[in-house]
There are 2 protein chains.
Amino acid sequence: MAIKDNNVSMNLFRDKCKEHNLRITPQRTVIYKELHKSKDHPSADAIFRKARKVFPNISFDTVNRTVLTFAKIGLVNVVEGCGGPKRFDSDTESHHHLRCIKCNRIIDFHNKDYDSMEIPDEIKNKFTVLRKRVCIEGVCSKCR
Amino acid sequence: MAIKDNNVSMNLFRDKCKEHNLRITPQRTVIYKELHKSKDHPSADAIFRKARKVFPNISFDTVNRTVLTFAKIGLVNVVEGCGGPKRFDSDTESHHHLRCIKCNRIIDFHNKDYDSMEIPDEIKNKFTVLRKRVCIEGVCSKCR
DNA sequence: AACTATATAGGAATAATTCCTATTTGTCAA
DNA sequence: TTGACAAATAGGAATTATTCCTATATAGTT
Ligand SMILES: [Mn+2]
Ligand SMILES: [Mn+2]
Ligand SMILES: [Zn+2]
Ligand SMILES: [Zn+2]
């Protein structure tokens, strides 16, 4: 099952790259793999440190440029933080986030009611909606 | 009415400062006034540029330190962005945000249904909730 | 008015991100 | 297969955002 999920997501990666005429490089491949493995919404620097274990002289700029490119083509999302480094999320399905203001952890949660909340028409009319998400801010169990 | 609102909010500012033993300095006063006037969720730098017109040699560090202090005592909120400089909001009442991914504008909207959405107990149990907000991400009318 | 703990200005240091460019490489067509 | 070449990378510089440092000034108290 894990293997199948990986195959599915690596196919998604390859398809999206081809769709946007992006070359499938070893760097992009390892960066996407690390993003897909991470459940903790890593920063570019966190991905850089992991990618480095595979390619010791990959540059930070390559990692940063690549995750931003992935975000641009919709392969990953940049998720809401409060300042600080950008955080990336390879899960593009509808879900929601808890954010701990002490340790900056971003924790996923799923909620059908939240998913199905309608966006008012007056917003849809004047704003092209790409995503809707509930952000709950507070202090996580580890931090109190 | 605007005058009254200003008085109310300046009293809130003074009370909160006294409550936390923060001195009421001219710098803090002008910073809070600018925050309260701004409806666009300014960054520390945006507030700095405005405060400078009143006190030409106020330092950026003072502005930054002060808005972070205000956030700490709950006088303002740091609002969700996606990387980039922190953005501040003097409106601490429940409301929600549209965020334009092109121009980084953060636009307020109010919605009773969103306000009244319950937070599941399993979240409340393991997480100290301070705030809940719906973030809608997309492209604003000016940007398309 | 004097005292003193707190706050500020200004500059330095650090962290996060983006830019620059010589070199390398993935892809495609021969 | 092999070469051609547009695209991507590494490495470092530059830029932007934030935090730290410290001598001086001042708000609030006595
Ligand atoms: Mn997530
Ligand atoms: Mn707001
Ligand atoms: Zn935490
Ligand atoms: Zn816009």
Side-chain angles (χ1 to χ4, degrees), chain A residues 10 13-32 34 41-73 75-76 78-88 101 104, chain B residues 10 13-32 34 41-73 75-76 78-88 101 104:
Chain A
M10 291 317 291
F13 160 68
R14 274 185 285 269
D15 292 348
K16 276 276 185 185
C17 283
K18 281 176 184 164
E19 186 187 332
H20 291 86
N21 294 312
L22 299 178
R23 293 178 178 176
I24 295 170
T25 66
Q27 290 90 341
R28 282 179 176 151
T29 305
V30 73
I31 290 165
Y32 183 72
E34 289 301 341
H41 311 89
S43 64
D45 188 63
I47 299 162
F48 174 54
R49 291 193 304 270
K50 288 178 179 175
R52 231 180 181 169
K53 293 180 179 169
V54 183
F55 294 114
N57 57 355
I58 195 170
S59 71
F60 175 79
D61 187 44
T62 294
V63 174
N64 195 51
R65 203 171 3 85
T66 298
V67 289
L68 291 176
T69 302
F70 287 171
K72 196 176 294 176
I73 66 175
L75 194 54
V76 305
V78 181
V79 299
E80 66 286 345
C82 280
K86 286 191 178 66
R87 304 280 291 267
F88 299 89
I101 60 166
N104 286 315
Chain B
M10 290 316 292
F13 161 68
R14 274 185 284 267
D15 292 348
K16 276 277 185 184
C17 283
K18 280 175 183 162
E19 185 188 332
H20 291 87
N21 294 312
L22 299 178
R23 293 178 177 174
I24 295 169
T25 65
Q27 291 89 341
R28 280 179 179 153
T29 304
V30 73
I31 290 165
Y32 182 73
E34 289 300 342
H41 311 88
S43 63
D45 187 63
I47 299 161
F48 174 54
R49 290 192 307 268
K50 288 179 179 174
R52 231 179 181 172
K53 293 179 180 172
V54 184
F55 294 114
N57 57 355
I58 195 170
S59 72
F60 174 79
D61 188 43
T62 293
V63 174
N64 195 52
R65 205 173 0 84
T66 299
V67 289
L68 291 175
T69 303
F70 288 171
K72 197 176 292 176
I73 67 175
L75 193 55
V76 305
V78 182
V79 299
E80 66 288 343
C82 279
K86 287 190 178 66
R87 304 281 291 267
F88 299 89
I101 60 166
N104 286 315

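All values below were derived from every heavy atom in this structure, side-chain atoms included, with hydrogens, water molecules and symmetry-related copies excluded. Order of the sequence lines fixes the chain letters, A, B, ..., with proteins taken first and strands second; residue numbering starts at 1 for each chain.
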Whole-Å gap separating P (dA27(D)) and CZ (R14(B)):
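Going from R14(B) (CZ) to dA27(D) (P), I get 15 Å.
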Whole Å only: how far is the CD1 atom of I31(A) from the C1' atom of dA8(D)?
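Interatomic distance, CD1 of I31(A) to C1' of dA8(D): 11 Å.
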R28(B) side chain vs C17(B) backbone, donor-acceptor pair below 3.5 Å
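Checking the backbone N and O of C17(B) against the side chain of R28(B), no donor-acceptor pair under 3.5 Å is found.
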Tell me whether the OP1 or OP2 atom of dA8(D) has a side-chain N or O from T25(A) closer than 4.0 Å.
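The answer is no; no side-chain N or O of T25(A) sits under 4.0 Å from OP1 or OP2.
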Which residues satisfy the side-chain hydrogen bond (donor to acceptor under 3.5 Å, both in side chains) test with R23(A), sequence neighbours excluded?
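With neighbours one apart ignored, the set is empty.
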Taking five pairs at each end, how big is the angle between the two axes of the helix from dA1(C)-dT30(D) to dA30(C)-dT1(D), to 10°?
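Overall, the helix from dA1(C)-dT30(D) to dA30(C)-dT1(D) bends by 40° from one end axis to the other.
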Under the ring-ring contact (aromatic ring centres under 6.0 Å, His included) test, residues paired with F88(B) that sit two or more places apart:
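Once residues adjacent in sequence are excluded, F88(B) has no partner under the ring-ring contact (aromatic ring centres under 6.0 Å, His included) criterion.
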Looking at DNA chain C, which of residues 46-59 of chain B put a heavy atom within less than 4.0 Å of it?
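Within this stretch, N57(B), I58(B), S59(B) sit under 4.0 Å of the strand.
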Output one letter per nucleotide in nucleotides 16-22 of chain C: B when a protein non-hydrogen atom lies under 4.0 Å from the base, S when only the sugar-phosphate is that close, - when neither is.
SBBBB--
Listed pairs under 3.5 Å, donor-acceptor, residues 44-58 of chain A side chains, sequence neighbours left out:
unit_1, atom_1, unit_2, atom_2, d
D45(A), OD2, R49(A), NH1, 2.3
K50(A), NZ, S38(A), OG, 3.0

Got a sec, which residues hit side-chain contact (heavy atoms from CB on, under 4.5 Å) with T69(B), two or more places apart in sequence or on another chain?
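side-chain contact (heavy atoms from CB on, under 4.5 Å) check on T69(B) returns L22(B).
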Set of side-chain contact (heavy atoms from CB on, under 4.5 Å) partners for K16(B), sequence neighbours left out
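In terms of side-chain contact (heavy atoms from CB on, under 4.5 Å), with neighbours along the sequence ignored, K16(B) is linked to L12(B), E19(B), H20(B), I73(B), L75(B).
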Which residue lies more 5' along DNA chain C, comparing Q27(A) with V63(B) via nearest heavy atoms:
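So the residue in question is V63(B).
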By the salt bridge (Lys or Arg N to Asp or Glu O under 4.0 Å) test, which pairs, at least two apart or in different chains, include something from residues 59-68 of chain B?
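For residues 59-68 of chain B, and leaving out neighbouring residues, the salt bridge (Lys or Arg N to Asp or Glu O under 4.0 Å) pairs sorted by first residue read D61(B)-R65(B).
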Shortest side-chain distance from R28(B), nucleotide among dA7(C), dA9(C), dA8(D):
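Nucleotide nearest to R28(B)'s side chain: dA7(C).
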Under a 4.0 Å heavy-atom cut-off, which of residues 16-24 of chain A touch DNA chain D?
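Result for residues 16-24 of chain A: L22(A), R23(A), sorted by number.
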The single option from V63(A), L68(A), N64(A), T62(A) passing side-chain contact (heavy atoms from CB on, under 4.5 Å) against T66(A):
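Of all the options given, the one that passes is T62(A).
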